[in-house]
S.K.: 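Following this message is one structure expressed as C-alpha cells.
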Amino acid sequence: MGFAALGLWQVERRAWKLDLIARVEARVHAAPVALPPPAAWRRIDERDDAYRRITATGTFDHAAETLVKAVTDRGGGFWVLTPLRTATGIVLVNRGFVPDALRDPARRANGQVTGQVTVTGLLRISEPGGAFLRANDPAAGRWYSRDVAAMARARHLSDVAPFFLDADATPNPGGYPVGGLTVVQFRNSHLIYAITWFALSGLCVAAIVQLLRKRQAA
C-alpha cells in the first residue's frame, strides 16, 4: 500500500507540474504588465506570479550593484543585479550576464546607463541561501544565488520588492550586460517515478500472492 500511495502522490505532483508549466508558458508570452505596487508584494508567490512579464520605470543605482556567479551558454561569469529606484520603491533587476573579464564596472562603463529607464523583464522569486554546497557570503561579496533580502541588507537598501526582474534581451550600450538569458525549464520526471512506485507495488502484491500459495500447498 505504501508504494501505491507514493505512486498516486507522484501522479498528483505530475498534474501540479503540468499546470505550473502551462501557467508559466502563458505568462512568458503575455503582454507585460506594470510593476506590482508595494501593497501587493506580500502576495507574490511562485505559483501565480513567477515568470510574469513586468515593466518598471526608474533610475539604476549602479553603486549598489551585486555580482552573482553564473554559468550560461556564453560560459562562466556573473549576473549583474542592480537596484532600480522607482516611484514606489526599489526592485532589483538582473540586467544580464558579464564574463569574468568585465566584472569591474569600469570595463563596461558604456553599459552603466544613467537617467530614467524603462525595463521589461520576467518576475523571478528570490533565491535565499545560496547554491548547492555554496552558501552566499555577503561579507566577502561572494554570491551564488539571487537572494533579494540578503542583498538588500548588504547594500543597506530599504523598501525593496521581495522579488527581482530578469531583464529581457534589449541591448545595453556597449553590449554588456547581456540580458534575455533566462532559462525557463522545469524538471518533470513524476511520470517515471509514478511508474516505478506502481511497479514496486505490483511486485510486492505478486510476492505476497506467491507466498500465500506456497503456504496453502504445504
Side-chain angles (χ1 to χ4, degrees), residues 24 27-29 31-35 50-87 89-128 130-132 134-157 160-185:
V24 168
R27 293 172 200 154
V28 167
H29 297 101
V33 298
L35 181 72
Y51 299 98
R52 190 180 301 282
R53 292 185 70 206
I54 299 292
T55 295
T57 299
T59 56
F60 282 123
D61 183 356
H62 295 292
E65 78 174 23
T66 300
L67 299 180
V68 181
K69 272 288 187 180
V71 178
T72 72
D73 291 340
R74 291 171 171 261
F78 299 90
W79 298 122
V80 179
L81 272 85
T82 308
L84 181 70
R85 297 183 178 274
T86 76
I90 296 173
V91 60
L92 294 187
V93 176
N94 176 13
R95 300 186 62 220
F97 171 82
V98 295
D100 290 345
L102 297 180
R103 64 179 300 169
D104 183 351
R107 292 180 174 271
R108 46 182 164 83
N110 289 339
Q112 303 298 86
V113 293
T114 59
Q116 184 167 282
V117 296
T118 296
V119 178
T120 299
L122 299 178
L123 186 152
R124 301 293 308 279
I125 303 301
S126 181
E127 303 165 345
F132 180 65
R134 288 184 169 186
N136 292 328
D137 186 351
R142 288 194 290 268
W143 298 90
Y144 302 100
S145 74
R146 293 160 292 191
D147 186 334
V148 172
M151 289 180 184
R153 289 192 298 269
R155 300 304 185 194
H156 307 291
L157 302 173
V160 179
F163 51 84
F164 64 94
L165 299 185
D166 268 352
D168 65 13
T170 301
N172 285 303
Y176 289 96
V178 179
L181 299 181
T182 308
V183 176
V184 183
Q185 186 175 10

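In what follows, every heavy atom counts, from backbone to side chain, and hydrogens, waters and symmetry copies are set aside.
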S.K.: Take Phe60 and Arg95 through the test side-chain contact (heavy atoms from CB on, under 4.5 Å) and record every step on the way to the result.
M.R.: CA-CA 10 Å; Phe60 282 123; Arg95 300 186 62 220; 3.7 Å; yes
S.K.: Identify the heavy atoms of Leu102 and Arg108 that sit nearest to each other, and give their distance.
M.R.: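 Scanning both residues, the minimum pair turns out to be O-NE, 2.7 Å.
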S.K.: Taking Arg155 for the side chain and Glu65 for the main chain, is one N or O donor matched with an acceptor at less than 3.5 Å?
M.R.: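 A pair under 3.5 Å: yes.
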S.K.: Is the closest side-chain heavy-atom distance between Leu157 and Arg85 below 4.5 Å?
M.R.: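 Yes, their side chains come closer than 4.5 Å.
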S.K.: Closest heavy-atom contact between Pro177 and Asn172?
M.R.: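 Heavy atoms only, the tightest pair is O-ND2, 2.8 Å.
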S.K.: Are any non-hydrogen side-chain atoms of Trp79 and Asp166 less than 4.5 angstrom apart?
M.R.: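 Side-chain contact under 4.5 Å: no.
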S.K.: Which pair of non-hydrogen atoms, one from Glu127 and one from Ser145, has the smallest distance, and what is that distance?
M.R.: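 Minimum heavy-atom separation between Glu127 and Ser145: O-OG, 2.6 Å.
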S.K.: Would you check if Asp100 and Phe78 make a side-chain contact, meaning some heavy-atom pair closer than 4.5 Å?
M.R.: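 When only atoms from C-beta onward are counted, Phe78 and Asp100 do touch, with a gap below 4.5 Å.
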S.K.: Could you check whether any side-chain heavy atom of Leu35 comes within less than 4.5 Å of a side-chain heavy atom of Thr55, counting everything from C-beta outward?
M.R.: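 Counting from C-beta outward, Leu35 and Thr55 never come under 4.5 Å.
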S.K.: Indicate whether the side chain of Asp168 and that of Thr170 have a donor and an acceptor atom separated by less than 3.5 Å.
M.R.: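 Checked: Asp168/Thr170 side chains pair up, N/O donor to acceptor below 3.5 Å.
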S.K.: Where do Gly58 and Leu84 come nearest, in terms of heavy atoms and distance?
M.R.: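 Taking Gly58 first and Leu84 second, the nearest heavy atoms are C-CD1, 3.5 Å.
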S.K.: For residues Pro83 and Leu92, determine if any side-chain heavy atom of one lies less than 4.5 Å from a side-chain heavy atom of the other.
M.R.: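 Of all side-chain heavy-atom pairs linking Leu92 with Pro83, at least one is under 4.5 Å.
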S.K.: Output, in order, the C-alpha distance, side-chain angles, deciding distance and verdict of side-chain contact (heavy atoms from CB on, under 4.5 Å) for Leu81 and Val93.
M.R.: CA-CA 5 Å; Leu81 272 85; Val93 176; over 6 Å; no
S.K.: Test of understanding: with side-chain contact (heavy atoms from CB on, under 4.5 Å), list the residues that count as partners of Thr114, not counting sequence neighbours.
M.R.: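 So Thr114 forms no side-chain contact (heavy atoms from CB on, under 4.5 Å) with any residue.
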S.K.: Are the side chains of Val68 and Met151 in touch, meaning some heavy atoms are under 4.5 Å apart?
M.R.: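 Yes, their side chains come closer than 4.5 Å.
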S.K.: Less than 3.5 Å apart, any donor N or O on the side chain of Asn94 or Arg124 sitting next to an acceptor on the other?
M.R.: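 Arg124 and Asn94 do not have a side-chain donor-acceptor pair below 3.5 Å.
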S.K.: Provide the closest heavy-atom pair for Ala152 versus Val160 in the form atom of the first, atom of the second, distance.
M.R.: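 Closest approach of Ala152 to Val160: CB-CG2, 4.0 Å.
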S.K.: How close do Val148 and Ser126 get, heavy atom to heavy atom, and via which atoms?
M.R.: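 Val148 and Ser126 have their closest heavy atoms at N-OG, 3.0 Å.
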S.K.: Under the criterion side-chain contact (heavy atoms from CB on, under 4.5 Å), I'd like the reasoning laid out for Phe163 against Val91: C-alpha separation, chi angles, the key distance, then a yes or no.
M.R.: CA-CA 7 Å; Phe163 51 84; Val91 60; 4.0 Å; yes
S.K.: Would you kindly check if the NZ (Lys) or CZ (Arg) of Arg74 is within the cone defined by 45 degrees around the ring axis of Phe97 and under 6.0 Å from the six-membered ring centre?
M.R.: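 Geometry flag: not set, cation outside 6.0 Å or 45°.
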S.K.: Is there side-chain contact between Leu67 and Val80, with heavy atoms separated by less than 4.5 Å?
M.R.: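 Sidechains of Val80 and Leu67: in contact.
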S.K.: Carefully, step by step, assess Thr59 and Val117 under the rule side-chain contact (heavy atoms from CB on, under 4.5 Å).
M.R.: CA-CA 6 Å; Thr59 56; Val117 296; over 6 Å; no
S.K.: Report yes or no: does Asn136 contribute a side-chain atom to a donor-acceptor pair with the main-chain N or O of Tyr144 at less than 3.5 Å?
M.R.: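 Side chain of Asn136 to backbone of Tyr144, a donor-acceptor pair under 3.5 Å: yes, one is there.
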